[in-house]
Peer 1: 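Can you read through this structure? Questions will come right after.
As the structure lists them, so they are numbered: ligands from 1, and atoms in each ligand from 1. Throughout, residue positions are numbered sequentially from 1 according to the sequence presented.
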Amino acid sequence: MENTRKQYILKTCVYPREPNPLNELRIATANHPMACMGDAGQLMAMLLKLLNPKNAIEIGVFTGYSLLLTALTIPDDGKVVSICSAYSRQTLGKPREGREFRLCFVDADKNNYWNYHKRLMKLIKIGGLVIYDNTLWGGTVALPEGDVAEAKREWRQCAIEFNKLVSADPCIEMSQVPLGDGITICRFIC
Ligand SMILES: C[S@@+](CC[C@H](N)C(=O)[O-])C[C@H]1O[C@@H](n2cnc3c(N)ncnc32)[C@H](O)[C@@H]1O
């Protein structure tokens, strides 16, 4: 039922409105298990339009779908800093000139989401958003561990711990949305 509903949304409202470059990229990478956002991407594009950020960050690039979506959506003179793999901790750990970004999309190593969150607190402007992908981890966060395939347990546990910590963070407003693999939208208020 859930998958049928998701396919209905994708076919009716998401894919017909997808910009051509994103459509081509999604089709070219469709068979990869880490590929693309679809319905969550459409929501992210709308949030980007509302926020109109001059500076955005993305952690975890892979096919570049979400990066391309961000680049196509922010103002023409906007800038996206993308960070992939081994460089992320060094780059985010370097002192920067304060809270210069209005949006970050995090879709990288799930065991570091809370570390990213703490560092992003120093980089994202008050009122800015951080969107974390995969926070439902295929719905497994809501299942007893025994019902979850061995291969999914470690990052399920990371998602569960991150969800608890972020939910208790008084510096953000948040909404966890069951689109895609679950996205958590955080708005920094302090
Ligand atoms: C799920 S994919 C990202 C998908 C991407 N958002 C897209 O639209 O195609 C996860 C990516 O995170 C990267 N990654 C893994 N560990 C990372 C780290 N420590 N820092 C930054 N990127 C990392 C992986 O190399 C991979 O490219």
Peer 1: Suppose I only count heavy atoms of A108 and a 4.0 Å limit; which atoms of ligand 1 are within that range?
Peer 2: 12 (O), 14 (N), 17 (C), 21 (C), 22 (N), 23 (C)

Peer 1: With hydrophobic residues grouped by side-chain heavy-atom distances under 4.5 Å, do F62 and W155 end up in a single group?
Peer 2: no

Peer 1: Using a strict 4.0 Å cut-off to heavy atoms of Y116, name the atoms of ligand 1 that fall inside it.
Peer 2: 18 (C), 19 (N), 20 (N)

Peer 1: Identify whether the distance between the nearest side-chain nitrogen and carboxylate oxygen of E150 and R153 falls below 4.0 Å.
Peer 2: yes

Peer 1: For atom 6 (N) of ligand 1, which candidate among S82, S66, G41 provides the closest heavy atom?
Peer 2: S66

Peer 1: Within the supplied structure, the quantity of interest is the number of heavy atoms (other residues, nucleotides, ligands) at a distance under 6.0 Å from D76 CG; does it exceed 12?
Peer 2: no

Peer 1: Hey, which atoms in ligand 1 end up nearer than 4.0 Å to a heavy atom of F62?
Peer 2: 2 (S), 3 (C), 4 (C), 9 (O), 26 (C), 27 (O)

Peer 1: May I ask you to list the atoms of ligand 1 that are less than 4.0 angstrom from any heavy atom of G64?
Peer 2: 9 (O)

Peer 1: Can you sort out which atoms of ligand 1 are near Y65, meaning under 4.0 Å from one of its heavy atoms?
Peer 2: 7 (C), 8 (O), 9 (O)

Peer 1: Grab the two heavy atoms, one from L51 and one from R102, that are nearest each other, plus how far apart they are.
Peer 2: CD2-O, 3.1 Å

Peer 1: Does any N/O atom on K110 come nearer than 3.5 Å to any N/O atom on ligand 1?
Peer 2: no

Peer 1: Counting only heavy atoms not in E173, do more than 12 fall under 6.0 Å of its CD?
Peer 2: yes

Peer 1: Examine the proximity of ligand 1 to V61 and report which part, side chain or backbone, both or neither, has a heavy atom under 4.0 Å away.
Peer 2: backbone

Peer 1: Can you confirm whether the side chains of T184 and T135 place a donor and an acceptor under 3.5 Å from each other?
Peer 2: yes

